[in-house]
Trainee: 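Once you've had a glance at the structure underneath, I'll fire off some questions.
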There are 2 protein chains.
Amino acid sequence: MATLGDLERAVMDLLWEHPEAITANTLRDLLSQRPSATEADSRPLAVTTVLTVLSRLEKKGLVERERATRPHRYRAVTSRADHTAELMLEVLGSAPDREAVLARFIGTVSEGEAETLRKLLGRD
Amino acid sequence: MATLGDLERAVMDLLWEHPEAITANTLRDLLSQRPSATEADSRPLAVTTVLTVLSRLEKKGLVERERATRPHRYRAVTSRADHTAELMLEVLGSAPDREAVLARFIGTVSEGEAETLRKLLGRD
DNA sequence: CTTAGAGTTCTACGAGTCGTAGAATTGGTT
DNA sequence: AACCAATTCTACGACTCGTAGAACTCTAAG
């Protein structure tokens with residue numbers, strides 16, 4: 001699975017925040033009023049820039065688009081939760097000593113999260 | 001945290017398999033008889049190549065070396081399990097809806113691993 | 001039908017990373 | 001003083017990413 005750059009990541013976040021798909025139209029609005037990470041870096045991105053990364057994300061299989069409608073509609077293929085969980089699985093799978101990894105993982109997770117995990121695992 | 005390339009990864013694996021640190025000497029042996037991924041790609045790496053990536057890994061904080069001894073001794077800073085767990089944590093932290101991610105994660109993990117997790121989490 | 005304008009694709013460049021390794025340098029040993 | 005192994009420096013080609021203008025393609029209006 002691919003690792004995303006900063007802008008790619010930001011675009012995925014846009015898509016995840018906008019489940020009803022975005023288009024070149026939507027984009028213009030989003031770009032003008034987006035909270036820029038560095039506060040005052042001012043100049044908004046060109047629309048084509050975002051279109052380019054959308055294409056790249058499509059090639060990577062993270063985004064799909066409807067080509068039928070005129071302003072193409074872009075949407076994320078998987079939810080952010082799914083995507084992230086998948087990544088975690090992949091990372092876990094990259095080590096041969098999975099048990100050991102899980103042990104460390106559990107050891108570092110917050111107590112609240114540990115509780116969540118217990119619930120999710122259920123008893124027996 | 002950094003994402004590793006193929007060779008960098010392979011070198012880390014070498015280090016992790018060799019807890020007693022490796023040197024330019026050790027390297028020569030390891031390189032000649034290492035199992036090449038593609039079976040018959042034949043030509044072994046130059047020693048300097050590996051030294052270069054070791055330096056890069058050092059800069060990334062994954063490797064530390066003893067400069068006192070003449071053949072410098074390289075070793076991994078963290079165990080593979082620690083490193084991997086850290087990565088997983090980082091991935092998990094990249095999403096705002098951590099609970100949802102954990103839910104998906106648990107849903108995908110094998111039953112055996114789920115059991116392991118239950119044990120690790122303990123009751124209450 | 002012809003055309004303009006919105007929307008889409010193509011092409012490109014500069015910075016950064018990685019695999020790769022020779023060239024130059026250093027430092028201990030004879 | 002000189003040699004040799006070990007280390008560092010420098011470099012290049014391939015690839016990724018942020019960035020976006022140039023060129024092209026629809027569709028809707030005239």
Side-chain angles (χ1 to χ4, degrees), chain A residues 1-15 18 21-32 34-38 41-75 87 94, chain B residues 1-15 18 21-32 34-38 41-75 87 94:
Chain A
M1 184 141 300
T3 172
L4 303 181
D6 289 345
L7 180 53
E8 289 177 328
R9 175 77 200 180
V11 170
M12 284 311 293
D13 280 337
L14 264 191
L15 288 174
H18 271 253
I22 67 180
T23 70
N25 278 315
T26 325
L27 235 40
R28 229 179 305 285
D29 302 6
L30 293 176
L31 291 182
S32 52
R34 95 198 160 102
S36 54
T38 50
D41 67 352
S42 55
R43 191 161 62 104
L45 291 174
V47 173
T48 51
T49 299
V50 182
L51 282 239
T52 301
V53 329
L54 278 170
S55 291
R56 287 178 184 165
L57 289 170
E58 190 189 18
K59 185 175 310 175
K60 291 184 188 181
L62 292 178
V63 163
E64 70 189 354
R65 84 171 96 182
E66 268 179 56
R67 285 195 147 86
T69 63
R70 191 38 174 151
H72 296 181
R73 305 176 66 73
Y74 300 81
R75 73 174 55 74
L87 270 188
S94 75
Chain B
M1 182 143 300
T3 173
L4 303 181
D6 289 344
L7 180 53
E8 290 177 327
R9 176 75 199 181
V11 170
M12 285 310 295
D13 280 337
L14 263 192
L15 288 174
H18 271 254
I22 66 181
T23 70
N25 277 313
T26 325
L27 235 40
R28 227 179 308 285
D29 302 7
L30 293 177
L31 290 182
S32 53
R34 93 199 162 102
S36 54
T38 50
D41 67 352
S42 54
R43 191 161 62 103
L45 291 174
V47 174
T48 53
T49 298
V50 182
L51 280 247
T52 301
V53 329
L54 278 170
S55 291
R56 287 179 184 162
L57 289 170
E58 190 189 18
K59 185 175 311 175
K60 292 184 187 181
L62 292 178
V63 163
E64 69 188 355
R65 86 170 93 181
E66 268 180 58
R67 285 194 149 89
T69 64
R70 190 39 173 156
H72 295 182
R73 304 177 67 73
Y74 299 81
R75 73 173 54 76
L87 272 188
S94 75

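Convention: sequence-line order gives letters A, B, ...; per-chain numbering from 1. Keep in mind it's a predicted model, so treat the numbers as computed, not measured. The basis for the numbers below is simple: all heavy atoms, side chains too, and nothing from hydrogens, waters or symmetry mates.
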Trainee: Is A/H72 close to A/T23 at the side-chain level, that is, under 4.5 Å between some pair of heavy atoms?
Mentor: no

Trainee: Just the rounded figure in Å: distance from C1' of D/dT8 to CZ of B/R67.
Mentor: 9 Å

Trainee: Base, sugar-phosphate or nothing for A/R65? Non-hydrogen atoms, less than 4.0 Å.
Mentor: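 Sugar-phosphate: the residue A/R65, judged by heavy atoms under 4.0 Å, touches backbone atoms but no base.
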
Trainee: Whole angstrom is fine here: how far is it from CG in B/L14 over to P in C/dG19?
Mentor: 13 Å

Trainee: Does a donor on one side chain sit under 3.5 Å from an acceptor on the other, for B/T52 and B/T49?
Mentor: no

Trainee: With a 4.5 Å cut-off on side-chain heavy atoms, are B/L4 and B/L57 touching?
Mentor: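 Result yes, sub-4.5 Å side-chain heavy-atom pair found.
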
Trainee: Are the side chains of A/L51 and A/L27 in touch, meaning some heavy atoms are under 4.5 Å apart?
Mentor: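 Yes, side chains in contact.
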
Trainee: The side chain of A/L7 lies closest to which of these nucleotides: D/dT19, C/dC18, D/dC17?
Mentor: D/dT19

Trainee: Of the non-hydrogen atoms in A/A24 and A/V47, which two are nearest, and what is the gap between them?
Mentor: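 Closest approach of A/A24 to A/V47: O-CG1, 4.5 Å.
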
Trainee: Without decimals, in angstroms, what is the distance between B/L27 CG and D/dT8 C1'?
Mentor: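 Rounded to whole Å, this separation is 15 Å.
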
Trainee: Nearest to the B/P71 side chain among D/dG18, C/dC18, D/dA6, which nucleotide is it?
Mentor: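 Between D/dG18, C/dC18, D/dA6, the one nearest the side chain of B/P71 would be D/dA6.
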
Trainee: Does D/dA6 have its OP1 or OP2 closer than 4.0 Å to a side-chain nitrogen or oxygen of B/N25?
Mentor: yes

Trainee: Name the pairs: protein N/O against N/O of nucleotides 27-30 of chain D, kept only if under 3.5 Å.
Mentor:
none

Trainee: Please report the distance, rounded to the nearest Å, between CG in B/L62 and P in C/dC18.
Mentor: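 After rounding, the gap between these two atoms is 11 Å.
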
Trainee: Polar pairs (N or O, both sides) under 3.5 Å between protein and nucleotides 21-25 of chain C?
Mentor:
| from | atom 1 | to | atom 2 | distance (Å) |
| --- | --- | --- | --- | --- |
| C/dA21 | OP1 | B/R43 | NH1 | 2.6 |
| C/dA21 | OP1 | B/R43 | NH2 | 3.3 |
| C/dA21 | OP2 | B/A46 | N | 3.2 |
| C/dA21 | OP2 | B/T49 | OG1 | 3.1 |
| C/dA21 | N6 | B/T52 | OG1 | 2.7 |

Trainee: Please state how far atom NZ in A/K59 lies from atom P in C/dT8, giving the value in whole angstrom units.
Mentor: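 From A/K59 NZ to C/dT8 P: 18 Å.
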
Trainee: Taking atom C1' of D/dC15 as reference, at what distance in whole Å does atom CD of B/E8 sit?
Mentor: 14 Å

Trainee: Of B/R73, B/R75, B/R65, which is the lone residue that meets salt bridge (charged side-chain N to carboxylate O under 4.0 Å, His left out) with B/E58?
Mentor: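 Among the candidates, only B/R65 passes.
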
Trainee: Tell me, do A/L54 and A/L15 make a side-chain contact under 4.5 Å, heavy atoms counted?
Mentor: yes

Trainee: Over how many whole Å does the gap from B/E66 atom CD to D/dT7 atom C1' extend?
Mentor: 16 Å

Trainee: Whole angstroms only, please: what is the CG-P distance between A/L54 and C/dC10?
Mentor: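 Whole-Å distance recorded here is 15 Å.
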
Trainee: Applying a 4.0 Å non-hydrogen cut-off, can you work out what A/T69 is touching in the nucleic acid: base, sugar-phosphate, or nothing?
Mentor: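 No contact.
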
Trainee: Just so I know, are the side chains of B/V63 and B/R56 near enough to count as touching, which here means a heavy-atom distance under 4.5 Å?
Mentor: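 B/V63 vs B/R56: side chains apart.
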
Trainee: Find out whether B/L7 and B/L45 are in side-chain contact, i.e. whether some heavy atom of one side chain is under 4.5 Å from a heavy atom of the other.
Mentor: yes

